[in-house]
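These notes concern the structure reproduced below.
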2 protein chains.
Amino acid sequence: MTVELRGPVRITMQTVARAAGVSPMTVSNTFRYPDRVQEATRRRVLDIAAELGYVPNRAAGDLASGQSRVVGAVVPSLKNSSFYMFIRGISEAASECGYELVISLAETPEQELAAVQTFLGLRVAGLILVGSDHERATVDLLRKTPLPVVEAWATSPPVDMGIGYSVRKAMQSLLRIVLDRGFRRVGFVGFAGDASQRYSERLPAFRDYMAEAGLDSSLIHLVDEADGFSAGPAALNALHQRDAALDAILCPTDIVAAGVLFECGRRDWPVPERIAVTGWGDFEIASEITPQLTTVDAKAHEIGRQTVAMIRDRIDERQGPSFVDLGFSIVRRASV
Amino acid sequence: MTVELRGPVRITMQTVARAAGVSPMTVSNTFRYPDRVQEATRRRVLDIAAELGYVPNRAAGDLASGQSRVVGAVVPSLKNSSFYMFIRGISEAASECGYELVISLAETPEQELAAVQTFLGLRVAGLILVGSDHERATVDLLRKTPLPVVEAWATSPPVDMGIGYSVRKAMQSLLRIVLDRGFRRVGFVGFAGDASQRYSERLPAFRDYMAEAGLDSSLIHLVDEADGFSAGPAALNALHQRDAALDAILCPTDIVAAGVLFECGRRDWPVPERIAVTGWGDFEIASEITPQLTTVDAKAHEIGRQTVAMIRDRIDERQGPSFVDLGFSIVRRASV
DNA sequence: TATTTTGATTGTAGCGCTACAATCAGCCGA
DNA sequence: TCGGCTGATTGTAGCGCTACAATCAAAATA
């Protein structure tokens, strides 16, 4: 006996219950609380459900129970491998405790708002966002929702809970290494456009610490995050044109830094002899490219995991911290 | 008047309706069919909803209407930039027609099954999968669900609908270029493990076309997809050890190919003079790295867009093709 | 054997929303 | 002034499921 397929026939708990000769509640229990149901009954129900291709309707279940096992994450990009590790961290931690992760891509604040509405509308168990820069309407919504919300890499006091690290300190540590090696004409590459807010702490930090060291901090160039590798050559060209003595370049991500290294290769500039290069993020390419990149490990994977822990604390009504600083570490390699 | 926040107070349509002095149906209409509601009424309802932070409960709405505006995509990896472009394509096309995309990451067939169950349970509008290799249980489920399902890069007849291109033809075109340039000792790098199924057509194609050209096709090395760049050096070392005359290497992705180029740099092997290298996917790095990579453009973005079109056709009961071949193109660059 | 205890199973009510039909108010022409 | 019409608004019923209390059968005790 096989079931004909793809019909618009709706299979509900009723259908399964009747076919198995039990009440709908027994079917429900079979899926939600298997050990409330006798071995034999459970097996029969499961067999019939499989036979019919029945999957419990979660919209109905969540509605009836007022709960959900889905956590929603809204990420601004998937190009940046930090977010990849972040997602993996969330995904791992979530499935370890019986939650499911669903992701929504939002490359602009408007898309973020739409994604937040979708997830709030779905009444997910928790919501994960990146950064502190949101549309006004998004913030309003987040402030009023009873759902747990975590902002990862938060740079301002979070709407609900936040996690991150001190970008200022990381910038300071990175710059110290560059200056300690004797580099003096340091260029800064930042992001323009939608990504700029997420990176907004870096430029002031750069300026402050350069000033502290008595150095000129005017060698600044902004690129578009979407440009990826190609932003590297563009930045190097621009900065070198502004100052031919440029001897170090700080990049916003390892991708941009790799682009700079590619360009250095084309120009036959030895790195770090002619110019020092730093990345940010400790993406995989940082340790594979030649020379290997000095960069900042922002612990994206751990941030992802922690994020889920914070949501669980809130759901289980445990009193957790509303902000976690996970720190960072500088990865010293050959490019400086 | 402001609303106190984060309480466990549930705001429902009722709440809003009472506060606005209208019936719940008017609130419902305000959100779903705005022009059924008078301008003034609508504005009042919307204001109060915003004030209260009300977001319609989609679990309830979807349940009542038997519809959903969410499409679910299950992707095996986010490291591979093809999937990134794929996702973008879906996301774009989906939002153009009022759908939302949610993504689930599944790095193993078991995780894929779980993700499929989640999405079927949510009764999404459509489901998008990658490849043709699924758990038996996944296939059973897909065969019986009435929801539209598209398999992207399908290599076998799809469960419901499929889209892809001929990997055999692409391999043939690529190999022809390599052989035309006079390379003869060609190594093949493939994937082992969970990714191997997604790439399973390539090795036989390689063997067939090498045989056709009267060449030896035994230089094969398998790597792990998760290794990323570092798979490149590993493969090059292994193949070169097996045959010191190795003069070309076909990589499963541009990432692996980039890893090979990095290693060639360390060995001071000029590419393509000492060895030719090909990638697959036309990721961004392919055109940025030196030398630029000859690769296969698998049109991931377009595949993503098309996928949504197929789902819409099904939903609107338009008769669409059940399989679309989008073709590919070979990008000839300096590495061969 | 009568009575408790235990665990499996089941009915009831309702989660928050929407389809649909019913109602209502305002306005037109006769 | 009155039906007839139009478009805004509203009540009813029910989507598929689960919490919870009620029921039932079988095993354990007296």
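Proteins come first, then strands; the chains are lettered A, B, ... in the order of their sequence lines, and each starts at number 1.
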Partner set under side chain to side chain contact (heavy atoms under 4.5 Å, CB included) for B/Gln14, not counting sequence neighbours: B/Thr12, B/Arg18, B/Pro24

Among residues at least two apart in sequence or on other chains, which ones pass side chain to side chain donor-acceptor pair (under 3.5 Å) with [X]?
X	value
A/Glu110	A/Thr108
B/Tyr54	none
B/Arg43	B/Glu39

- request: Check every nucleotide of DNA chain D for an atom under 4.0 Å from a heavy-atom of chain B, then give the first and the last such nucleotide from 5' to 3'.
  value: D/dA8 to D/dG16

task: Decide, yes or no, whether a salt bridge links A/Asp140 with A/Arg136 under the criterion of side-chain N to carboxylate O below 4.0 Å.
output: yes

field: Along DNA chain D (nearest heavy atom to each residue), the more 5'-positioned of B/Gly21 and B/Ala60
entry: B/Gly21

statement: Taken to the nearest 0.5 Å, the spacing of B/Thr118 OG1 from B/Leu113 CG works out to 9.5 Å

- prompt: Taking the side chain from B/Gln111 and the backbone from B/Glu107, do they hold a donor-acceptor pair closer than 3.5 Å?
  reply: yes

field: Identified side-chain contact (heavy atoms from CB on, under 4.5 Å) partner of A/Ser132 from the options A/Ser200, A/Pro157, A/Ser156, A/Pro158
entry: A/Ser156

query: In residues 26-43 of chain B, which ones come under 4.0 Å of DNA chain C, going by heavy atoms?
result: B/Ser28, B/Arg32, B/Tyr33

message: Using a heavy-atom cut-off of 4.0 Å across all strands, would you classify A/Gly66 as base, sugar-phosphate, or nothing?
response: nothing

- prompt: What does A/Pro56 touch in the nucleic acid at a heavy-atom separation under 4.0 angstrom: a base, only the sugar-phosphate, or nothing?
  reply: sugar-phosphate

